[in-house]
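A short worksheet on the structure shown next.
Predicted model only: the values in this text are computed from it and were never measured. By convention in this document, chain letters (A, B, ...) are assigned in the order of the sequence lines, proteins followed by strands, and residues within each chain are numbered from 1.
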Amino acid sequence: MFALVDCNSFFASCEKVFRPDLEGQPVVVLSNNDGCVVARSPEAKKLVPMQATLFSIQHLVKRGELCVFSANPVLYKDMSRRVIETLQHFSPEVEQYSIDEAFLGLHGFTHRDLTAYGQQIKATVQQWTGIPVSVGVAPTKTLAKLAAHVAKRNPDLKGILDFNTVADVDAVLAAIDVGQVWGIGGNLRAKLNAQGIRTVLQLKHADEQRLKKQFGILVLRTVMELRGVACFPMEPVAAPKTMRIVSRSFGHLVTELSDLKEAVATFTTRCAEKLRDDGLVAHQFAVAIRTSYYRPDNQYAAARSVTLAAPTNDTATLIHAAMPLTAAAFKPGYEYLKAKVIATELTPADAVQGELFATPVNTEKRDRLMTAIDTLNRKLKPDAVKFGAVGLNPTWQMRSDYFSQRYTTHWDEIPKVKVGQSSRLASPRSLPVNN
DNA sequence: TCTGGGGTCCTAGGACCC
DNA sequence: TCTGGGGTCCTAGGACCC
C-alpha cells in the first residue's frame, strides 16, 4: 500500500506561510526571470491560467488584486525538506518524488484506518510547516497519484482519499481524463484519444499487448498499475545523479561573446558547487547557447562538449574548459537569450578511476581551495569569493523584481515580528528558524 | 509584451564482438 | 550459390515528470 502526499500550490503556499496578511488572497509565483506563472494559490486559480506571462497579469497586480512573487528556490527547497522530515514520522519508508511530493510506503499499515491516518498526516504537516497537503492512498503508486488528484479537487474529501474505501473505483476512473494519469503526457494522450481511449477507465481496460507494442513498456506498466498490480516499487534511496544542468534565460538579450562568456562562467560556478554538494565529479562538460524561440528572424542554437582530462568538480578547471566551448558555439550577429552548462559522466569524487598512463594529479590542494571558497560563500554571502571570469557587472542578469525573503535559511532575512502588530503574526505559523 | 529550469527513462538503429 | 546466432555498447531522439 502506498500513500502519495502532494503539497497544494506548493510555491504559493511557501510564500503565504511567512505572509499571514495574504491569507485568503490570490497569490502567484513566477518562473525564473519573472517569465510566467508556475504556481497559483486556490484563490488565484480563478483569476489566472497556469503559464500566464507576467505581462498578461500585470493589470491585476497594479490594481492590487493579485500578489505576485519571483521564484525563491532556496526557500522552497528548505520548506520541502521540512515537509519530508515531518512525513518521516509517519512511515519508515519515505521517497521524495519531487520538490512537493512524496510517496510513503504503508506496508504493514493496512490494518489501520488509512483515511484517518491521512488526516493525521495532513494536520501534522500543516501544523509543523504551514503547508497544506493532499493525500492519496492506494495499492499502487499510479493509483495513489490519482487518489490524491481526486482528493485535491473534491472538497467533501477534505484532502484525503483512500481508494480502498471506494465502493466503485471504476466509476471514479471513468470520470478522469486519461491525460491525468502519471506517465501519460500530452503526446500519448493525443495518440490514445485517436484510438478512442479518453478516460482512465478505458486505459485500464485497453489491450495490453497492443499497448506494449505501440507505446513501449512504460505505458504497459502504467496500465498494470491501474489494475492494481504494483510495477513501480518504493525507491527510498535516491538514485545517484547522472547529470547536472545549470541553465538560465537572460534578463536582456546578449550579443557580445564577452558577456556570454561571463554568463557561462557564472553558470559553471553554480554547476561546480552543485557537484561538490553532491560529492560528484564530472568527466564530460558541455555548453549550449541559443536565441529566443519566439523570434523567427533570429534563430540560432549551438552546443559544444569536451571530455575532461580527468573527472573534476573544480570551478577553475571547469571554467577553463567552458570558455573555449562558448567561443566555439558563438556566432556573431545573433541576440542570445539563454545559455546552459551540462556536466555528465558523473562519478563519486572519492572513487575516481585513475589514468593508466597519466602522471597522477594530486588534487588535494585544489579541493582545499574549493572547500574554503564554499565555506566563505556560505558564511558571508553567495559569490562573496568568485572567479574573475564571471565579471563584475553582469549585463545578462535575470529579472527578479518580486523577490521575497529567504526566511528560513538566512539570519538577516528571518521573519520579524513587531510588538503591537496583528496578533496573527505570532500564531503557530511563525515557525522557529533553522539552526 | 513575453512566453522557466532541471531532470530521467526508453527505444531504435548502427557498429561491433565472438 | 549462399552465407548463423547471440549479444553489448553507444547515440540521438522522443517521451515523460515536477
| task | Answer yes or no: does a side-chain N or O of A/Arg295 lie under 4.0 Å from OP1 or OP2 of B/dT3? | result | no
| query | Can a side chain N or O of A/Lys340 be found less than 4.0 Å away from OP1 or OP2 on B/dG6? | reply | no
| said: Categorize A/Leu30 for me: base, sugar-phosphate, or nothing, with a 4.0 angstrom heavy-atom threshold over every strand shown. | reply: nothing
| task | Let me know the distance between CE of A/Met50 and C1' of C/dC17, rounded to the nearest Å. | result | 13 Å
| said: What contact category does A/Leu54 fall into here, base, sugar-phosphate, or nothing, at under 4.0 angstrom with non-hydrogen atoms? | reply: nothing
| field | Nearest-0.5 Å distance, OG1 of residue A/Thr291 to CD of residue A/Glu335 | value | 9.0 Å
| message | Tell me which nucleotide, if any, is Watson-Crick or G-U wobble paired with B/dC18 when both distances must be under 3.5 Å. | response | C/dG5
| field | Reported NZ-to-CZ distance for the pair A/Lys338 and A/Arg290, which is rounded to 0.5 angstrom | value | 4.5 Å
| task | Please answer whether B/dC2 and A/Tyr294 are stacked, defined here as ring centres separated by less than 5.5 Å and planes angled under 30°. | result | no
| request: Round to the nearest Å and state the distance from A/Arg399 atom CZ to B/dG5 atom P. | output: 11 Å
| request: For A/Gln180 and C/dC18, give me the distance from atom CD to atom P, rounded to whole Å. | output: 10 Å
| Atom pair distance, as rounded to whole Å: CZ in A/Arg189 and P in C/dA15 | 16 Å
| task | Name the residue closer to the 5' end of DNA chain B, choosing between A/Arg221 and A/Cys36 according to the nucleotide with the nearest heavy atom. | result | A/Cys36
| query | Between C/dC17 and A/Ser98, is there an OP1 or OP2 to side-chain N/O distance shorter than 4.0 Å? | reply | no
| Rounded distance (Å) that lies between atom P of C/dG14 and atom CG of A/Leu218 | 17 Å
| said: Mind checking if A/Ser56 touches a base, just sugar-phosphate, or nothing, with heavy atoms under 4.0 Å? | reply: nothing
| Given B/dG6, is OP1 or OP2 found less than 4.0 Å from the side-chain N or O atoms of A/Arg244? | no
| field | B/dG6 phosphate, OP1 or OP2, under 4.0 Å from A/Arg248 side-chain N/O | value | yes
| request: Rounded to the nearest angstrom, tell me the gap between atom CG in A/Leu346 and atom C1' in B/dG7. | output: 12 Å
| Side-chain N,O (A/Lys145) to OP1/OP2 (C/dC18) below 4.0 Å | yes
| said: Whether A/Lys141 engages the ring of A/Phe103 as a cation-pi pair (distance to the six-membered ring centre under 6.0 angstrom, angle to the ring normal within 45°) should be assessed. | reply: yes
| field | 4.5 Å side-chain heavy-atom contact, A/Gln25 and A/Cys67 | value | no
| field | Interatomic distance, A/Lys274 atom NZ to A/Thr269 atom OG1 [nearest 0.5 angstrom] | value | 12.5 Å
| field | Nearest to side-chain heavy atoms of A/Asn32, which nucleotide of B/dT3, B/dT11, B/dG5 | value | B/dG5
| said: Using OP1 and OP2 only, check whether a side-chain N or O of A/Lys338 sits under 4.0 Å from B/dG5. | reply: yes
| query | Once you round it to whole Å, what is the distance between P of B/dG6 and CG of A/Asp100? | reply | 17 Å
| said: Looking at A/His205, I'd like to know if its NE2 atom is crowded, meaning that more than 12 non-hydrogen atoms belonging to other residues, nucleotides or ligands lie closer than 6.0 Å. | reply: yes
| Phosphate contact (B/dG5 OP1 or OP2) by A/Ser249 side-chain N/O below 4.0 Å | yes
| request: Could you check whether A/Tyr97 gets within reach of a base, just the sugar-phosphate, or nothing at all, counting any heavy atom under 4.0 Å? | output: sugar-phosphate
| task | Using a heavy-atom cut-off of under 4.0 Å over every strand shown, decide if A/Ile245 touches base, sugar-phosphate, or nothing. | result | sugar-phosphate
| said: Can you tell me if A/Asn187 touches the phosphate of C/dC16, counting only side-chain N or O atoms and a distance under 4.0 Å to OP1 or OP2? | reply: yes
| Hey, mind stepping through A/Phe90 and A/Tyr117 against ring-ring contact (aromatic ring centres under 6.0 Å, His included) and telling me if it holds? | CA-CA 9 Å; A/Phe90 290 92; A/Tyr117 202 55; 5.7 Å; yes
| DNA chain B: A/Lys213 or A/Val38, which has the more 5' nearest nucleotide? | A/Val38
| task | State which of C/dA15, C/dC18, B/dG7 makes the closest approach to the side chain of A/Met243. | result | B/dG7
| request: Look at all strands and tell whether A/Val37 reaches a base, only sugar-phosphate, or nothing, counting heavy atoms closer than 4.0 Å. | output: nothing
| message | Heavy atoms only, 4.0 Å cut-off, all strands: where does A/Gln58 land among base, sugar-phosphate and nothing? | response | nothing
| Rounded to the Å, how far apart are A/Glu95 CD and C/dC18 C1'? | 13 Å
| query | Where does B/dC2 land, syn or anti, once you apply the within-90°-of-0 test for syn? | reply | syn
| field | B/dG6 phosphate, OP1 or OP2, under 4.0 Å from A/Ser247 side-chain N/O | value | yes
